[in-house]
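This report refers to the structure that appears directly beneath it.
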Amino acid sequence: MIHFYNTINRKLEIFTPLEDKKVKLYTCGPTVYNFAHIGNLRAYMFEDLLRRFLEFSGYDVHHVMNITDIDDKTIRRSMESGETLEIFTEKYTQAFFNDLDTLNIRRAHNYPRATEFITQMIDTIKVLIDKGFAYSSDDGSVFFKVSKFLAYGKLANINPDDMRVGSRVENDEYEKEEVRDFALWKGKKDGEGDIHWDSPWGRGRPGWHIECSVMSTHYLGSHFDIHCGGVDNIFPHHENEIAQSCAATGDAFVNYWLHNEHLLVDGQKMSKSENNFYTLRDLLDKGMSPEAIRYTLLITHYRQKLNFTFDKIKASQKAINRLRELNRRLNNISLESGEDISKMTNLMLQNFNDRLADDLNISGALGEVFIWVNKLFALIDKQKLSAESAQSGIKAFKKIDEILGVIELIDEPLSEDIDQLIVDRKQARADKNWALADEIRDKLDGLNIILEDTPQGTIWKKKT
RNA sequence: GGCGUCGUGGCCAAGCGGUAAGGCAGCGGUCUGCAAAACCGCCAUGCACCAGUUCGAAUCUGGUCGACGCCUCCA
C-alpha cells in the first residue's frame, strides 16, 4: 500500500488512483529563460523518483510537464538578447532536456509549451467570465475574482480575507478590483515588443497560472491523480490553478498534491535572484560525475530541506562506487556452490519497496540496500557465494537501479596503449621489478585509471 | 503580523511509544611487494533545551531557544 503526504490535507494518505493501475501525473516544469540550477533540478529529481517508483510498482504513468515559454522573464530576457521569443526559449528548452538526460531523469510523455495553448487558454478564460468567476478591466486584462471562489485558500491553508498587501502587489501595474485577484490575461503593455496575441479583450498574453490549468486538463482530463511542484508553488500558483480549474470545469481537478522542499546553499535557499546557484554544467566542469549529482539530489527525502555541499557529492560518489564494486564482483563469480542468499535478497527488496511506499522514504530504502550489500561483500570475501547466487544478486541490483538509476556503468573500451601498459606491469611484477611496476601504475593513475591487484588478476577502473 | 517546516554522532541521514538503521570521514587489524579495493573490529547511556503524560519518550503534550520557507507570477 502506497502512502503519500498530501499537501491539501496536510497528512499522509493512502494512494488510490482514479483508474486502476494507471496514474495521471502533472508536474510543474521550467520557465525557460536561463539554465536550470540544481535547486530546480532537485524538483525534477523528486518527480523522477515518484515516477520511477510508481512504474516500479506496476503503474502505467501518464506524465505531463509544462514548459513556460511566455512570462515576464522570458519576454524581458529575449528582448535583451535580441532574439525572438521562440528562438530564445527553444535554446533553454533544449538545455533543460540535456540536463534531464544527464541526470538520467525519465522523460515526461508530453512537454506542452504555453505558447502552443493560447487559444485553449482564451477559451477557458471566456468560460470563467461567463460563469462570473472573472472580469475584464479597461486595460484589456482579465482577472480571476477570488471572492467568488469560496474554497480559495484550502491548499495553502490561508484565509483570503487576511491576505495582506506585500511588496510584490505594489509592483503590479494592472488594474484589478481587489488586491488578491490574479491575472488570467494581461493586456499588452509598452516594452513587450511584438510578443502578444489577439483575444476578445484585445492584444495581450496569458497569465502564468492559467497555462497549467489548461494544459493539464487537455492531456489528463479535468480530474487527475497527482500534481507536483516545489513548495514555493503552493501559493499562489497551485492555489490559483485549483480556483481556475474547479471554477471552469466544476470538477475536482487534482486528488494528490505533492510538493518538494528547497535545496539550500550555506543554509539559504538557492535561487537565481540571490545569485547563489550552481547549474549542472558548473558541477560537471568541476569534475563531479552526473551519477554522484543524481544520487546527492535523490537521497534526501523530498520534503526535507537539502543543504548542498561538495562534500555531499564526494560522499555520494563513494557510496555509488561501493554499489558498483559489488555489482562488478558479482559479475565475476564462478564458484559452483555457496550459501543461499535468496531469503535475504527477497527481504531486502521487500523492505526497499516498503520504505519507498511510505511517502518515498529513499534514505530508509538505501539503508536496507546497504545492509544487504555489506552481507554480500562478506560472503564473497569468505568464498561463500556461488555463481548462481551472484546472478540472483545481480538481478536484485537491476531492480534497485530501476529506482536509483546510478549503478549501470558503461565502461569505455581500453585503448591498446593502456592495455599494453597493464601487460607490461604484470611482467614487471613477475620480475619483482617493483620500481617499474609502480611507475606504470602512477602513469595510469595520471590517465585516470586505477589498478587493483586481486587474486584473480589485475583489474582497472576509471577514477571517480 | 499570518501560515508552515525543521533541530539525531566529526559530516549526512533513518526512526512514527519498546530501549539509536545506513552512508561518508576516522582509528586498529587481515590481505598486498607496497598500494588500492574488500573483509574483521571500534566509533551517540543519548536524539536543541526545560517541564509533563506513560511501566517505558528521539518518538506524544506544553513551553523555551535556534534555523529556514511562503504570504500575488521562484522548483
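In what follows, chains carry the letters A, B, and so on, assigned in the order in which the sequence lines appear, proteins first and then strands, with residues in each chain numbered from 1. Quantities reported herein were computed from a predicted structural model and do not represent experimental measurements.
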I would like to know whether A/R441 and A/D438 meet salt bridge (Lys or Arg N to Asp or Glu O under 4.0 Å); could you show each step before the answer?
CA-CA 5 Å; A/R441 185 167 60 190; A/D438 288 351; 3.4 Å; yes
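A/E452 and A/T458 are not linked by any side-chain donor-acceptor pair at a separation below 3.5 angstrom, with hydrogens and angles left out of the test. Side chains of A/Q244 and A/N240: a donor-acceptor N/O pair is absent below 3.5 angstrom, by distance only. Residues A/T31 and A/D71 bring no donor and acceptor atom of their side chains to less than 3.5 Å of each other.
Of the side-chain N and O atoms in A/N374, one or more sit less than 4.0 angstrom from OP1 or OP2 of B/G23. For A/K382, no side-chain nitrogen or oxygen approaches OP1 or OP2 of B/A38 to under 4.0 Å. Using a 4.0 Å cut-off, no side-chain N or O of A/R429 falls inside it from OP1 or OP2 of B/A35. Note on A/K73: a side-chain N or O is less than 4.0 Å away from OP1 or OP2 of B/C74. A close approach under 4.0 Å does occur between a side-chain nitrogen or oxygen of A/R322 and OP1 or OP2 of B/A38. At B/G15, one or more side-chain N or O atoms of A/N361 fall inside 4.0 Å of OP1 or OP2 (strictly under the cut-off).
Straight-line distance from the CG atom of A/N351 to the P atom of B/G22: 13 Å, rounded to whole Å. Regarding A/Y26, its OH atom lies at a distance of 13 Å from the P atom of B/A75, rounded to whole Å. Rounded to a whole Å, the CG atom of A/N9 is 14 Å from the P atom of B/G4. Between the P atom of B/G22 and the OH atom of A/Y295 lies a distance of 14 Å, rounded to the nearest Å. A straight line from CZ of A/F235 to C1' of B/C74 spans 14 Å, rounded to a whole angstrom. Straight-line distance from the NZ atom of A/K272 to the C1' atom of B/A75: 9 Å, rounded to whole Å. Rounded to a whole Å, the NZ atom of A/K375 is 12 Å from the C1' atom of B/A21. At whole-Å resolution of the value, CG in A/D431 and P in B/C34 are 18 Å apart.
Comparing A/R328 and A/Y33 by the nucleotide of RNA chain B that holds the closest heavy atom to each, the one mapping nearer the 5' end is A/R328. Along RNA chain B, the nucleotide nearest to A/D438 and the one nearest to A/Q304 differ in position, and the one closer to the 5' end is contacted by A/Q304.
Judged by distance alone, with hydrogens and angles left aside, A/R355 brings no side-chain donor or acceptor close enough to the base of B/A14 to form a pair under 3.5 Å. A donor and an acceptor atom sit less than 3.5 Å apart, one in the side chain of A/R441 and one in the base of B/C34.
Of all nucleotides listed (B/U72, B/C24, B/A75), B/U72 comes nearest to the side chain of A/R180. Distances were taken from every side-chain heavy atom of A/D381 (C-beta onward) to each of B/A38, B/C68, B/C70; the shortest belongs to B/A38.
In this structure, A/R76 reaches neither bases nor backbone, as no heavy-atom distance under 4.0 Å exists between it and the strands shown. Nucleic acid contact class of A/K312 (heavy atoms, under 4.0 Å, all strands): sugar-phosphate only. A/F182 comes within 4.0 angstrom of a nucleotide base, judged by non-hydrogen atoms across all strands. Residue contacts for A/L263: at a heavy-atom cut-off of 4.0 Å it reaches a base atom on one of the strands shown. When heavy atoms are screened at a 4.0 angstrom cut-off, A/D311 is found touching no nucleic acid atom at all. Note on A/E325: only backbone sugar-phosphate atoms sit closer than 4.0 angstrom, heavy atoms only; bases stay farther off. Note on A/H301: only backbone sugar-phosphate atoms sit closer than 4.0 angstrom, heavy atoms only; bases stay farther off. Base engagement by A/H262 is indicated by at least one non-hydrogen atom pair under 4.0 Å involving a base atom. Across all strands, A/G367 comes closer than 4.0 Å to base atoms (heavy-atom distances).
Looking at heavy atoms from C-beta onward, A/F182 lies in side-chain contact with A/V146 at the 4.5 angstrom threshold. In this structure, A/Y5 and A/R10 have side chains that are in contact, with non-hydrogen atoms separated by less than 4.5 Å. You'll find the side chain of A/K176 stays beyond 4.5 Å of the side chain of A/S137, heavy atoms only.
Using a 30° and 60° split on the angle between ring planes, A/F96 and A/Y111 fall in the perpendicular class, above 60°. Ring geometry for A/W257 against A/H238 counts as tilted: the plane angle lies between 30° and 60°, on a 0 to 90° scale. Between A/F149 and A/F144, the ring planes are perpendicular. Angles over 60° get that label, and only those under 30° would be called parallel. Taking the six-membered ring for Trp and thresholds of 30 and 60 degrees, A/W201 and A/W185 have ring planes inclined between 30 and 60 degrees apart.
Spacing between B/C50 and B/G15 at atom P, rounded to whole Å, works out to 25 Å. Only the P atoms considered, B/G10 is 28 Å distant from B/U5, to the nearest whole Å. Rounded to a whole angstrom, the distance from the P atom of B/C49 to that of B/U8 is 10 Å. With both ends at atom P, the span from B/C11 to B/C16 equals 24 Å, rounded to whole Å. Between the P atoms of B/G69 and B/A21, the separation comes to 33 Å (whole Å). Separating the P atom of B/G23 from that of B/C39 is a span of 10 Å, rounded to the nearest Å. Distance check on atom C1': B/G18 versus B/C60 gives 15 Å, rounded to whole Å. B/A58 sits 8 Å from B/A20 when the C1' atoms are compared, rounded to a whole Å.
Under the stacking definition used here (centres under 5.5 Å, planes under 30°), the residue A/F370 fails to qualify as stacked on the base of B/G22.
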Intra- and interstrand pairs of RNA chain B - dot-bracket, Watson-Crick/G-U under 3.5 Å, | marks other strand
((((((((.[[[..)..(...]]].(((((.......))))).....[[[[[..)....]]]]])))))))....
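Under the 6.0 Å distance and 45° angle rule, A/K272 counts as a cation-pi partner of A/Y33.
Listed by first and then second residue, the salt bridge (Lys or Arg N to Asp or Glu O under 4.0 Å) pairs that reach into residues 376-386 of chain A are A/E339-A/K384, sequence neighbours excluded.
Within residues 38-47 of chain A, the residues having any heavy atom under 4.0 Å from RNA chain B are, by residue number, A/G39, A/N40, A/A43, A/Y44.
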